[in-house]
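Because only heavy atoms are used, hydrogens play no part in the values below, and waters and symmetry mates are left out as well, while side chains stay in.
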Amino acid sequence: MSNTQLIIEERAADIGNFMVGRLLPFRQKRNVGPFSFIDHMGPAEMDKDTNLDVAPHPHIGLSTLTYLFEGSIQHKDSLGSDIEIKPGAVNWMTAGKGVVHSERTPEYLRNKEKSLHGLQIWVALPKNLEQSEPSFSHIEEKDIPHWSEQGAQFKLIAGKAFDKESPVPVHSELYFIEIKSDHKQQIDIGKDLYGESALYILEGSINADGHNYGNKQILVAKDSTLCSFEMEPNTTIYIFGGTPFDEERYIHWNFVNSDKEVIEKAKKDWENQNLDAFPKVVGDEEEYVPLPKPRIR
């Protein structure tokens, strides 16, 4: 019996001056465990006149996870954080009741040719933490658990699995796993997973349930404990999921919450530039991304 519940194709989306591939949410699957949003940035080659410039914008009710394969992003936020993230490291920002941040090409790269490639992820917060104080953590690549098993290379980027725990300070039961293999290899990891689970193919392909699946596809499992597949040579995949919440999560723009009224208040606060709710980004105070206008249908 097939363990593949749903196959999601990566879809193009626009985040200002940069095109991305959107993986979640999808109309048939809004969340996988606590994961509510995933964008695949790039790969993009940028000349000296092209830079990533995502101006200050707000979040509530979620944690953001930024993980790069190539390039560099300068993160600044309303907490005073100012840090460059490079490939293999993790930026983990918990918005709680409200935070503002910007993501830009670092100054020393702005007049140079550069590349950018990575994942940006939103993880919804448990209901009791949706109004918590915001926080930010940066975890270096060397501190991320990594090991070889079943002839493949594993990283536990966030969460708990395989009797290991990542130092990323998550707030619920989840996992975000990288697996790489340079040769054909059978992988059986269902006994180490729990809750809901999905598999994203970054490059290469896998064989599962008698089918071959290529890059830029997400496979959502019917039962995470039955996760078994064959990796083709030179394949990189990401497995994410965990225990889903009891309450539904609503998303409007950059806001995630279990209460629609909280989202409506956040919209008004941002539109009115209420600095008590959404302080300025330290060192990036001049610009901000306006609240999007409602679509005319």
### Task
Sorted by first residue and then second, give each salt bridge (charged side-chain N to carboxylate O under 4.0 Å, His left out) pair with at least one member in residues 119-138; sequence neighbours left out.
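Output for this query lists K97-E133, E130-R249.
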
### Query
Which pairs with one or both residues in residues 276-287 pass salt bridge (charged side-chain N to carboxylate O under 4.0 Å, His left out), sequence neighbours excluded?
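Every pair satisfying salt bridge (charged side-chain N to carboxylate O under 4.0 Å, His left out) with a residue in residues 276-287: R104-D284, R104-E287.
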
### Message
Ring centres under 6.0 Å, that's the criterion: do F136 and H101 meet it?
### Response
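Distance test on ring centres: not under 6.0 Å, no.
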
Through direct or indirect side-chain contacts below 4.5 angstrom among Ile, Leu, Val, Met, Phe, Trp and Tyr, which residues connect to [X]?
| X | result |
| --- | --- |
| F245 | none |
| V282 | none |
| Y250 | I60, V100, W253, F255, V262, I263, W270, F278, V281, Y288, V289, L291 |

#### Entry: Full working for salt bridge (Lys or Arg N to Asp or Glu O under 4.0 Å) between K268 and E271
CA-CA 5 Å; K268 292 177 182 177; E271 191 168 38; over 6 Å; no

### Sequence-distant partners of H138, ring-ring contact (aromatic ring centres under 6.0 Å, His included), two or more places apart
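By the ring-ring contact (aromatic ring centres under 6.0 Å, His included) rule, H138 matches no residue at all.
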
### Query
Partners of Y175 by ring-ring contact (aromatic ring centres under 6.0 Å, His included), sequence neighbours excluded?
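Counting only residues at least two positions away or on another chain, Y175 forms a ring-ring contact (aromatic ring centres under 6.0 Å, His included) with Y194.
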
When the side chains of residues 165-172 are checked against the rest of the protein, which donor-acceptor pairs come out under 3.5 Å, sequence neighbours left out?
unit_1, atom_1, unit_2, atom_2, d
S166, OG, I157, O, 2.8
S166, OG, V168, N, 3.2
H171, NE2, T94, OG1, 2.9

Do the side chains of [Y] and [X] get nearer than 4.5 Å, heavy atoms only?
| X | Y | result |
| --- | --- | --- |
| F240 | I218 | yes |
| L119 | E178 | no |
| I139 | I144 | yes |
| V32 | S197 | no |

Non-neighbouring partners of [X] that pass side chain to side chain contact (heavy atoms under 4.5 Å, CB included), sequence neighbours left out:
| X | value |
| --- | --- |
| N128 | P126 |
| D82 | Q74, K76 |
| K164 | W147, L156 |
| H183 | S181, Q185 |

### Query
Of the options F69, Y200, F154, which is the one that meets Y238 in a ring-ring contact (aromatic ring centres under 6.0 Å, His included)?
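So, applying the ring-ring contact (aromatic ring centres under 6.0 Å, His included) to Y238 and each of F69, Y200, F154, only F69 qualifies.
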
### Message
Within the supplied structure, the quantity of interest is the number of heavy atoms (other residues, nucleotides, ligands) at a distance under 6.0 Å from K265 NZ; does it exceed 12?
### Response
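No - once you tally the heavy atoms of other residues, nucleotides and ligands closer than 6.0 Å, there are 12 at most.
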
